[in-house]
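Any value given below was found using the heavy atoms of this structure, including those in side chains, with hydrogens, waters and symmetry copies removed.
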Amino acid sequence: MQKITAFIILNLLVGSATLSAQQTEIYIHQLTEFDKAVSLYNDKQFLAAQIIFDRVKQDNVSQDVQADCAYYIAFCAIKLNQSNADQLMEDFVTEYPTSSKQNQAYIGVSQYYFEQGNYPQALEYFDKVDESGLTYAEQEKFNFQKGYAYFTAKKKKEATTYFNKVQNSQEYGSQAKYYLGFMAYEADDYKEATKQFDQVSGEEKYKEKLSYFQADMNFKLGNFQKAIELGKAAMAKSNALEKSELNKIIGESYFNLKQYNEALPYLKEYKGKKGKWSNTDFYQLGYTYYQQKDYENAIVQFSKIIDGKDFVAQNAYYHLGESYMKTDKKQQALNAFKNASEMDFDLKIQEDASLNYAKLSYEIGNSYQSVPDVLATFMAKYPNSPSKNEVENLLINSYITSKNYKEALTLLEKNKSPENRLAYQKVTFYRGLELFTDGSYQEAQKMFKASLKEQKDAKFTARATFWKAETEYVLDNFNEALLSFKQFEGMAEAKNTPEFKNINYNIAYCYFKQKEYDQAGNYFQSFIETSKDDKTRLNDSYLRLGDSRFVTSKYWPAMDAYNKAIELKSVDADYAAFQKAISYGFVSKNDKKIEDFNKFLATFKTSQYRDDALFELGNTYVADNKTDLALKTYDQLLSEFKNGTYSSKSVLRQGLIYYNASKDDQAITKFKKVAADYPKSPEALEAVATARLIYVDNGKVDEYATWVRTLDFVEVSDSELDNDTYEAAEKQYLQNNTKQAIATLSSYVAKFPRGIHALKANFYLAQSYYADGLEANSIPNYEYVIAQSKSEFTEQALARLSEIHLKKNDFAKAIPVLKRLETDADFPQNITFAQANLMRSYYDQKDYPNAVVYADKVLANPKTDNKVKSDAQIIVARSAIKANDEGKARTAYANLLKIAKGELAAEALYYDAYFKNKDLKYDDSNKSVQKLARDYSGYKYFGAKGLVVMAKNYYGLKDSFQATSILESVIDNFNDYPDVVEEAKTELDIVKTEEAKTNSSINK
């Protein structure tokens, strides 16, 4: 048993020895290969070494040998600059954390990344290095490289620590001192920077750089002359970026020494930071030009300073204002001084800018706030200003020159001091004129009365008296107006006023309206004798003179006056010709009357008096017993004016001609036509009554009775009661007993809804309701009248009914009534009224095409007054704007500008500026905006919109400051108009976005 065991053990030992001998042989071979690879590595045969290391690593070797192979493989990759070198080294660090070469690996990886310029990754591995295991040489290199890596990461504190460790290194000392100096320079520690730079200044490779830094440091230390010398010395050997900075250093140094001539060429050569200049850069160049009296170039540079809110900006804006003044650009100067006055970095500049802003506002107007307000604000803020008296005088005068009478009046009401009484008299007068122009006659009258209470200036007292009379006239107080006009006429200063030339004309109309025709005629005659240039009033005076003489039965003088009007060939020549023909009838000259009416009909084929002329001509033929011509004339009238005012009368007259000629059948035919076609009209009643006589005379009473029962407006049995009831009601109406008339006429209409007098009764009842202020009650009665055949009441009913609907802004109901009034009216005033209000109604309903149609009709009417023409032009213009018809809008606003007053004139001026801007006529557009600001400052909305256009003009003229300044002022001052503010914000964003490309100071 023991032998067997011993044998087994012996065999095992023999086997073990054999295996061990084999393994040792392999291991020795691997080590030989490994040593060979190391030898190749040391001989810098990196690729061959790497191949052998890789082969050894693949064999079954120890963990330590594998680790060493992986280490060398990675380092060979680094030496060979293979793309996966970093990954191989990182894999080694990860897979063999206990390797003795771990520290060397960290050094290798960090240096690899350092040499690749990947400093953040290098820092990550530098931090893992065990510095105690490094040789002196390795430690120097490590300290410098880690310091530099921190430097690139802008960790200056850490970088300083490592650079300080190698300051005295022979290899790295100079570089470390340079970077230490540079970091001190960047931290504005010029003492330390100078110390470090001085230690390397002898080395050639640092000389160029150090010249730049030393020039900049001397500049920043205020050693401007030294900075100039060093800067010039460094210029030749500097790159483009450094040259730009050196130009800035030299230029600004000369600037600070106030040597502006020398500063200019250097400041101009500066390229900015990353191609952008700061507000300070623009200011220095601008101020340099300013000091050389080159104001145009100064403006160019100062104008690039936008978004500035500091001492530099305040100075720049102030000098920009002065530069504009030197070049006579006052509107631009106003904006510049405004900006400077709103900053308090330099109080003296602020006060002087405020004074200039106030004085310019007075001189050229101000769109941001009223001129009186600007002046008053200055006086309140600087009560001890040496310019106080000058500004006080400007304040008083500004109440007139700014034409902002509404706000001026508010300020004057708060300060009714004796020295302001003259200003108060003038302002109330001009405010009265504004209100009169806008149609606010009651308010205008109050202003004129307030002006008359002061009487500090005789001329303004006279003018206020005249316009007080005008307001009394338009308010239908004709007697009071007459007294006021005569009072004006008697004033000594009246002859020196622009109103005096028309005084006889105005007095004449007062008499005319009060039916004092003799006096009216005399004053119209006086006006004619003294006023030959005013063709419109002259023509009207001849007409009214003729009317005055005509009414007082002085027909020959009337005809003389009408002849003068005809000779003037005015728009009313047809009226004069008609009146002249009528006049011949009153002097028993029917032959001349017939001749003139025939001439009238041949000459005035479209006259509104044509139907009147035909009717009068027919009647005159009847009077001259020329019945055939009369019948033909009535037929012509019926042919041309089938539904005219004289239709029923003409048919009735034809019937009467036949009746008087005993042509009963033809007469009955005409009378029945009147009754059938014009029921309930007075002519129908007369036709029935005359027909009754014929039937009775011919013994055909039954036939009459049968016919008359078919007529619903004749109630034979109740006729007497009908007549009596109506007569009582009409009596109250004619005596102006309004309330009794309403009661009695209402009773009649209720009892006899189809009565003989139903038409008249409904009309008179409607008129009574209207006179008593019960307009809504009158509507059904007016509607009854217009629903009947055309009568003498139709036109008045249509006019009143449309007026009622318009007052209620019920345009849907007003429009059909106005359209019928336009068609049926005989009086031109009513046609004009209908067309003007159809125009306004369609516009209010946003029916712009129809609004324009009627606006064109209004404008085509030569008798339309300027106020209505203004309304028409504005509707055409606004409608065209909404329809994007720019051509029509341009024409309409241009025409409006010629005649408009008040707010419409402001709107027209705005669009004048708007279209000129679109045509790139920036200067002309700005002139329109300036006129808008100067003459119509009370109309803030269009003033604000005009400022936006002005800003766009200035940006088109490359004046960024003006553009931004104006837009910011609009945004700050016009919150009541959100649409304008929104537009200003959009434009400001456009400007700032564009300017930010070259100005680093702009905040978008």
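Comment: D281 engages K248 in a salt bridge, judged by a side-chain N to carboxylate O separation of less than 4.0 angstrom. Between E342 and K338 there is a salt bridge, with a side-chain nitrogen of the basic residue lying less than 4.0 Å from a carboxylate oxygen of the acidic one. Salt bridge present: K997 and E994 bring a charged side-chain N and a carboxylate O closer than 4.0 Å.
Proximity of F378 to Y357: side-chain heavy atoms (C-beta onward) are nowhere separated by under 4.5 Å. You'll find the side chain of N366 stays beyond 4.5 Å of the side chain of D373, heavy atoms only. The shortest distance between side-chain heavy atoms of Y955 and E995 falls below 4.5 Å. Within the 4.5 Å cutoff, the side chain of F255 has no heavy atoms near those of the Q291 side chain. Under the 4.5 Å side-chain criterion, counting only non-hydrogen atoms from C-beta, E269 is not in contact with K243. Inter-residue side-chain proximity for L360 and M325 is flagged as met; some heavy-atom pair is nearer than 4.5 Å. Side-chain atoms of L257 and Q225, non-hydrogen and from C-beta on, do get closer than 4.5 Å to each other. Two residues are said to be in side-chain contact when any heavy atoms from C-beta on lie closer than 4.5 Å; Y266 and K232 meet this criterion.
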Walk me through it: do Y287 and N315 pass the test side chain to side chain contact (heavy atoms under 4.5 Å, CB included)? CA-CA 9 Å; Y287 191 80; N315 268 273; over 6 Å; no
Verdict with supporting geometry, E983 and K945, side chain to side chain contact (heavy atoms under 4.5 Å, CB included): CA-CA 9 Å; E983 184 183 2; K945 286 178 73 66; 4.2 Å; yes
Evaluate the side chain to side chain contact (heavy atoms under 4.5 Å, CB included) criterion for residues L947 and Y368: first the C-alpha distance (whole Å), next the side-chain angles of each, then the deciding distance (0.1 Å), finally the verdict. CA-CA 9 Å; L947 285 171; Y368 310 115; 3.4 Å; yes
Would M235 and I250 count as a side chain to side chain contact (heavy atoms under 4.5 Å, CB included) here? Give the steps. CA-CA 10 Å; M235 187 73 75; I250 298 168; 3.8 Å; yes
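Ring centroid separation for the pair Y71 and F75 comes in under the 6.0 Å cut-off. In this structure, the ring of Y954 has its center no less than 6.0 angstrom from the ring center of F961. Side-chain rings of F282 and F302 stay apart, their centers remaining 6.0 Å or farther from each other.
The backbone N or O of K157 sits less than 3.5 Å from a side-chain atom of T161, completing a donor-acceptor pair. No donor-acceptor pair under 3.5 Å is formed between the side chain of E987 and the backbone N or O of V948. In this structure a side-chain-to-backbone donor-acceptor pair under 3.5 Å is present from K276 to A996. D344 contributes no side-chain N or O that, together with a main-chain N or O of L347, makes up a donor-acceptor pair within less than 3.5 Å. In terms of modelled atom types and a separation under 3.5 Å, the side chain of N239 and the main chain of L241 share a donor-acceptor contact.
Neither side chain, N335 nor S965, offers a donor N or O lying under 3.5 Å from an acceptor on the other. A donor-acceptor contact closer than 3.5 angstrom is absent between the side chains of N917 and S925. Side-chain atoms of D91 and Q87 include a donor-acceptor pair closer than 3.5 Å.
Taking both residues in full, the closest heavy atoms of A77 and Q50 are given as N-NE2, 3.6 Å, listed atom of the first, atom of the second, then distance. When all heavy atoms of Y270 and S244 are compared, the pair lying nearest together is CD1-O, 3.2 Å. Nearest approach of S361 to V371, heavy atoms of both residues: O-CG2, 3.2 Å. When all heavy atoms of V949 and A913 are compared, the closest pair comes out as CG1-O, 3.7 Å. The two residues Q350 and Y382 come nearest to each other via the heavy atoms CG-OH, 3.7 Å. Residues I228 and S253 approach most closely at CG1-CB, 3.5 Å, considering heavy atoms.
For E363, the side-chain hydrogen bond (donor to acceptor under 3.5 Å, both in side chains) criterion is met by K330, not counting sequence neighbours. Here Y289 pairs with nothing under the ring pair (Phe, Tyr, Trp, His ring centres under 6.0 Å) rule; sequence neighbours left out. Every salt bridge (charged side-chain N to carboxylate O under 4.0 Å, His left out) that K329 has, sequence neighbours left out, goes to E296.
Taking OH of Y324 as the reference point, atom CZ of F337 lies at 11.0 Å (rounded to 0.5 Å). In this structure, the separation between CG on D959 and CG on L320 is 7.0 Å, given to the nearest 0.5 Å. Here Q962 contributes atom CD and I299 contributes atom CD1; the two are 9.0 Å apart, rounded to the nearest 0.5 Å. From Q332, atom CD reaches atom CD1 of I966 across 8.0 Å, with rounding to the nearest 0.5 Å. For the atom pair K268 NZ and N297 CG, the distance stands at 7.5 Å (nearest 0.5 Å). One distance of note links CG of L264 with OH of Y254; it measures 12.5 Å at 0.5 Å rounding.
Y295 and Y290 have perpendicular rings, their planes meeting at more than 60° on a 0 to 90° scale where under 30° would count as parallel.
The number of heavy atoms from other shown groups lying within 6.0 Å of NZ (K958) does not exceed 12.
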